[in-house]
Amino acid sequence: MKDIDKQRIENAVREILLAIGEDPDRAGLLDTPSRVARMYEEITSGYAQTAAEPLSKVFDEGGSGLVLEKDISFSSTCEHHLMPFFGKVHIAYLPNGKVVGLSKLARVVEVFSKRLQLQERLNAQIADSIFSELGAKGVMVVIEAEHTCMTARGVKKVGSKTVTTAVRGDMPESLQAQILALC
């Protein structure tokens, strides 16, 4: 994806301010269009990245059992309302002779969370990339998140969380239950 057009974003934010009856030239709002453009550059930076890069440096490890990296914090942007959702990602995989540095799993989360997203798609993208790039025997990804499009507007159910799972490959139900208990 090409670089974002900051000027177009600034113009659009200025139009939004006018549309809600604000004065974009008043002191408190003067730099808001520029700040919002920089924010969108940051929160959509995942489009310029792939999961293959952080998962490319692997280590041979023949005897490794289940690997579980839990409580990886993330924030993303809901594509339906352009509002944030945030929470924790738990990634479990059964290596097939190769493991990756643990920080690389967090980087995969960043690649996909820094895009306009749905939680269900985010879950699938993380699981698919780890399964395919590492050639893992099995992968399970659990995400629990709070969506501000549900807590700050609409039904306003503050504190409610959405939990999604994605399973790929050979991940027996008994192991899935164990992983969920550990998360």
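All residue numbers in this chain count up from 1 along the given sequence. All values below come from the heavy atoms of this structure, side chains included, with hydrogens, waters and symmetry mates left out.
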Participant: Ignoring hydrogens and angles, tell me if any N or O in the side chain of E144 forms a donor-acceptor pair with the backbone of V89 under 3.5 Å.
Facilitator: no

Participant: Decide yes or no for I143 and L122: does some side-chain heavy atom of the first lie under 4.5 Å from some side-chain heavy atom of the second?
Facilitator: yes

Participant: Please name the pair of heavy atoms, one in H81 and one in C149, separated by the smallest distance, quoted to 0.1 Å.
Facilitator: ND1-CB, 3.5 Å

Participant: Assess whether a salt bridge exists between D60 and K98, defined as any Lys/Arg side-chain N lying under 4.0 Å from an Asp/Glu carboxylate O.
Facilitator: no

Participant: Starting from L105, can I reach V167 by hopping between I/L/V/M/F/W/Y residues whose side chains sit under 4.5 Å apart?
Facilitator: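 No; L105 is not reachable from V167 via cluster members.
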
Participant: If I compare all heavy atoms of A92 with all of I179, which pair ends up nearest, and what's the gap?
Facilitator: CB-CD1, 3.6 Å

Participant: When you look at L29 and E22, which way does the side chain to side chain contact (heavy atoms under 4.5 Å, CB included) test go after all the steps?
Facilitator: CA-CA 9 Å; L29 293 175; E22 267 291 357; 3.3 Å; yes

Participant: Nearest heavy-atom pair of A124 and R168: which atoms, and what distance?
Facilitator: CB-NH2, 3.5 Å

Participant: More than 12 heavy atoms of other residues, nucleotides or ligands under 6.0 Å from CD of E53: is that the case?
Facilitator: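 No.
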
Participant: If you measure from CG on L66 to CG on L182, what distance do you get to the nearest 0.5 Å?
Facilitator: 8.0 Å

Participant: Please answer whether the main-chain N or O of D71 pairs with a side-chain N or O of H90 as donor and acceptor at a distance below 3.5 Å.
Facilitator: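 Yes; at least one donor-acceptor contact below 3.5 Å.
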
Participant: For the residue pair T164 and V142, establish whether any side-chain heavy-atom pair is separated by less than 4.5 Å.
Facilitator: no

Participant: Could you measure the distance from the CD atom of Q178 to the CG atom of L68? Nearest 0.5 Å is fine.
Facilitator: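 Answer rounded to 0.5 Å: 9.0 Å.
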
Participant: Looking at Y47 and L116, would you say the former's side chain and the latter's main chain have a donor-acceptor pair under 3.5 Å?
Facilitator: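 Side chain of Y47 to backbone of L116, a donor-acceptor pair under 3.5 Å: yes, one is there.
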
Participant: Measure the CG-OG1 distance between L118 and T162 for me, rounded to the nearest 0.5 Å.
Facilitator: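 Spacing of CG (L118) from OG1 (T162) equals 11.5 Å.
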
Participant: Check the orientation of F85 and H147. Use parallel for under 30°, tilted for 30 to 60°, and perpendicular for over 60°.
Facilitator: parallel

Participant: Would the distance check show the side chain of R107 and the main-chain N or O of P54 forming a donor-acceptor pair, the cut-off being under 3.5 Å?
Facilitator: no

Participant: Return yes if some donor-acceptor pair links the side-chain N/O of K114 with the main-chain N/O of V109 below 3.5 Å, else return no.
Facilitator: no

Participant: Does the side chain of N123 pick up a donor-acceptor pair with the side chain of Q119 at under 3.5 Å?
Facilitator: no

Participant: Under a 3.5 Å distance rule, please check whether S76 uses its side chain to pair with a backbone N or O of S113 as donor and acceptor.
Facilitator: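 Answer holds: yes.
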
Participant: Should F74 and V100 be counted in the same cluster of Ile, Leu, Val, Met, Phe, Trp and Tyr side chains packed under 4.5 Å apart?
Facilitator: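 Same cluster.
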
Participant: Would you check, one step at a time, whether the test side chain to side chain donor-acceptor pair (under 3.5 Å) holds for N11 with E15?
Facilitator: CA-CA 6 Å; N11 294 343; E15 284 300 313; over 6 Å; no

Participant: Is there a path from V99 to V139 through hydrophobic residues (I, L, V, M, F, W, Y) whose side chains come within less than 4.5 Å of each other?
Facilitator: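 They do share one cluster, since a chain of ILVMFWY contacts under 4.5 Å joins V99 to V139.
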
Participant: How close do P95 and K137 get, heavy atom to heavy atom, and via which atoms?
Facilitator: O-CE, 3.4 Å

Participant: Which pair of non-hydrogen atoms, one from I9 and one from Y40, has the smallest distance, and what is that distance?
Facilitator: CD1-CB, 4.0 Å

Participant: If hydrophobic clusters are built from ILVMFWY residues whose side chains come within less than 4.5 Å, do Y93 and V58 share one?
Facilitator: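 Yes, Y93 connects to V58 through the hydrophobic network.
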
Participant: Side chains of L175 and P172: does their closest heavy-atom pair fall under 4.5 Å?
Facilitator: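 They are in contact (side-chain heavy atoms under 4.5 Å apart), so the answer is yes.
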
Participant: Could you state the interatomic distance from OG (S129) to CZ (F112), rounded to the nearest 0.5 Å?
Facilitator: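 Here the rounded value is 4.5 Å.
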
Participant: Answer whether the closest heavy-atom distance between the side chains of K156 and T151 falls below 4.5 Å.
Facilitator: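 Result no, sub-4.5 Å side-chain heavy-atom pair not found.
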
Participant: Group every Ile, Leu, Val, Met, Phe, Trp and Tyr by side-chain heavy-atom contacts under 4.5 Å, then state whether M140 and V163 land in the same group.
Facilitator: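 The answer is yes; both residues are in one hydrophobic cluster.
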
Participant: Minimum heavy-atom separation for P24 to L18, with atom names?
Facilitator: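 Where P24 meets L18 most closely, the heavy atoms are CD-CD2, 3.5 Å.
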
Participant: Given side chain to side chain contact (heavy atoms under 4.5 Å, CB included), test I91 with V108 step by step and report yes or no.
Facilitator: CA-CA 10 Å; I91 300 172; V108 170; 5.7 Å; no

Participant: So does R121 pair up with E79, basic N to acidic O under 4.0 Å?
Facilitator: yes

Participant: What's the spacing between T32 OG1 and E10 CD if we round to 0.5 Å?
Facilitator: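 Reported value, rounded in 0.5 Å steps: 10.5 Å.
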
Participant: Stepwise, does the side chain to side chain contact (heavy atoms under 4.5 Å, CB included) test hold for K70 with K88?
Facilitator: CA-CA 8 Å; K70 63 183 220 170; K88 306 259 186 218; over 6 Å; no

Participant: About how many Å separate OG1 of T44 and CE of M39, when rounded to the nearest 0.5 Å?
Facilitator: 9.0 Å

Participant: Any side-chain donor paired with an acceptor under 3.5 Å for E110 and Q49?
Facilitator: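 Looking only at side-chain atoms, Q49 and E110 do not form any donor-acceptor pair under 3.5 Å.
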
Participant: Salt-bridge test for R14 and D25: reply yes if a basic N is under 4.0 Å from a carboxylate O, no otherwise.
Facilitator: yes

